[in-house]
Amino acid sequence: MHAEKYNQLYAIERTVTTLPAHSLLHIGIGHTIIMTNRYKLDPTVRVFCNMGTNGIDGSASTFMGHCAVSKELCFLMIGDLSFFYDMNALWNQNYGANIRILLLNNEGGEIFHTLPGMDKSSRSREFITAEHYTTAKGWAEERGFIYMKVTGEEELEEAMQPFTSPETRMQPMLLEVFTDKEKDTTLLREYYHGLKNK
């Protein structure tokens, strides 16, 4: 499956395939790990993953700690629930301008809706996928990050150049990509269904 239209898979693909050489990539839990494996990385890029408890806590904290002791450009691809659970990691002031966070925000843990039976409960969005309408803008800017908001393909293309360029090391950056949760869920289901049929 090729992510041709604007969605989380497309944002992951554009980031992974444009990472500069000798950079670090941290991947949050969820479909970011699964989908990143579909693309060929520059062999000099070092990749790290941190599960944390139940897959959400600690990913951002681990990343920020790694950035503090690294001179390389450091990237984090993380989902909204993982980020907001651990966003106090940005409170640490011992970091430089080598930080790049790709925050994939589809207003909840939509990966859970790819599981059988999830749509049978009327309360699943409230208690399992934790549907929300939160943005990282205020928190990121308060912490001194350059904040970029993306809601479409053209905006993503424009943001990718400064986000992945080794030349833009003025401040840490947070790129928040907003996508449609229903489209993301449909694409994930199609992807997993395709794997079963191979």
K.L.:
Does a side-chain heavy-atom distance below 4.5 Å link Arg100 with Thr164?
P.N.:
no

K.L.:
Not counting sequence neighbours, list each pair that qualifies as a side chain to side chain donor-acceptor pair (under 3.5 Å) and has a residue in residues 40-49.
P.N.:
Asp42-Thr44

K.L.:
For the ring pair Phe63 and Phe83, is the centre-to-centre distance below 6.0 Å?
P.N.:
no

K.L.:
Provide the closest heavy-atom pair for Tyr147 versus Thr135 in the form atom of the first, atom of the second, distance.
P.N.:
OH-OG1, 3.2 Å

K.L.:
Any side-chain heavy atom of Ile27 within less than 4.5 Å of one from Phe48?
P.N.:
no

K.L.:
Can you list, pair by pair, the side-chain donor-acceptor contacts under 3.5 Å of residues 64-75, counting residues two or more places apart and other chains?
P.N.:
| from | atom 1 | to | atom 2 | distance (Å) |
| --- | --- | --- | --- | --- |
| His66 | ND1 | His26 | NE2 | 2.9 |
| Ser70 | OG | Glu72 | N | 3.1 |
| Ser70 | OG | Glu72 | OE1 | 2.4 |

K.L.:
Taking salt bridge (charged side-chain N to carboxylate O under 4.0 Å, His left out) as the test, write out the residues that go with Glu142, two or more places apart.
P.N.:
none

K.L.:
Could you tell me whether the side chain of Asn7 and the main chain of Tyr10 form a donor-acceptor pair under 3.5 Å?
P.N.:
yes

K.L.:
Applying side-chain contact (heavy atoms from CB on, under 4.5 Å), can you list everything that pairs with Ser61, at least two apart in sequence or on another chain?
P.N.:
Asp86, Ala89

K.L.:
Search all heavy atoms of Leu156 against all heavy atoms of Ala11 and return the closest pair with its distance.
P.N.:
CD2-CA, 3.8 Å

K.L.:
Please tell me if the side chains of Asp80 and Tyr85 come closer than 4.5 Å, counting only heavy atoms from C-beta onward.
P.N.:
no

K.L.:
Between the side chain of Ser82 and the main-chain N/O of Ile78, is any donor-acceptor distance below 3.5 Å?
P.N.:
no

K.L.:
I'd like to know if the side chain of Asn105 reaches the main chain of Thr134, judged simply by a donor and an acceptor atom lying under 3.5 Å from each other, with no hydrogens or angles considered.
P.N.:
yes

K.L.:
Would you call Met148 and Met173 a side-chain contact if the rule is heavy atoms closer than 4.5 Å?
P.N.:
yes

K.L.:
Calculate, to the nearest 0.5 Å, the distance between atoms CE and OG1 belonging to Met160 and Thr17 respectively.
P.N.:
8.5 Å

K.L.:
Quick one: list whatever passes side chain to side chain donor-acceptor pair (under 3.5 Å) with Glu155, sequence neighbours left out.
P.N.:
Thr151

K.L.:
Looking at side-chain heavy atoms only, is the closest gap between Val45 and His22 below 4.5 Å?
P.N.:
no

K.L.:
Verify, without hydrogens or angle tests, whether Thr18 (side chain) and Arg14 (backbone) share a donor-acceptor contact under 3.5 angstrom.
P.N.:
yes

K.L.:
Is a side-chain donor or acceptor of Gln171 paired with a backbone partner of Gly144 at a separation under 3.5 angstrom?
P.N.:
yes

K.L.:
Does any non-hydrogen side-chain atom of Leu103 lie less than 4.5 Å from one of Val177?
P.N.:
no

K.L.:
Could you grab the distance from atom CG of Asn98 to atom CG of Leu24, nearest 0.5 Å is fine?
P.N.:
8.5 Å

K.L.:
Here's a test for you: under side-chain contact (heavy atoms from CB on, under 4.5 Å), which of Val150, Leu174, Leu102, Ile101 qualifies with Phe163?
P.N.:
Leu102

K.L.:
With sequence neighbours left out, what residues match Glu141 under salt bridge (charged side-chain N to carboxylate O under 4.0 Å, His left out)?
P.N.:
Lys137

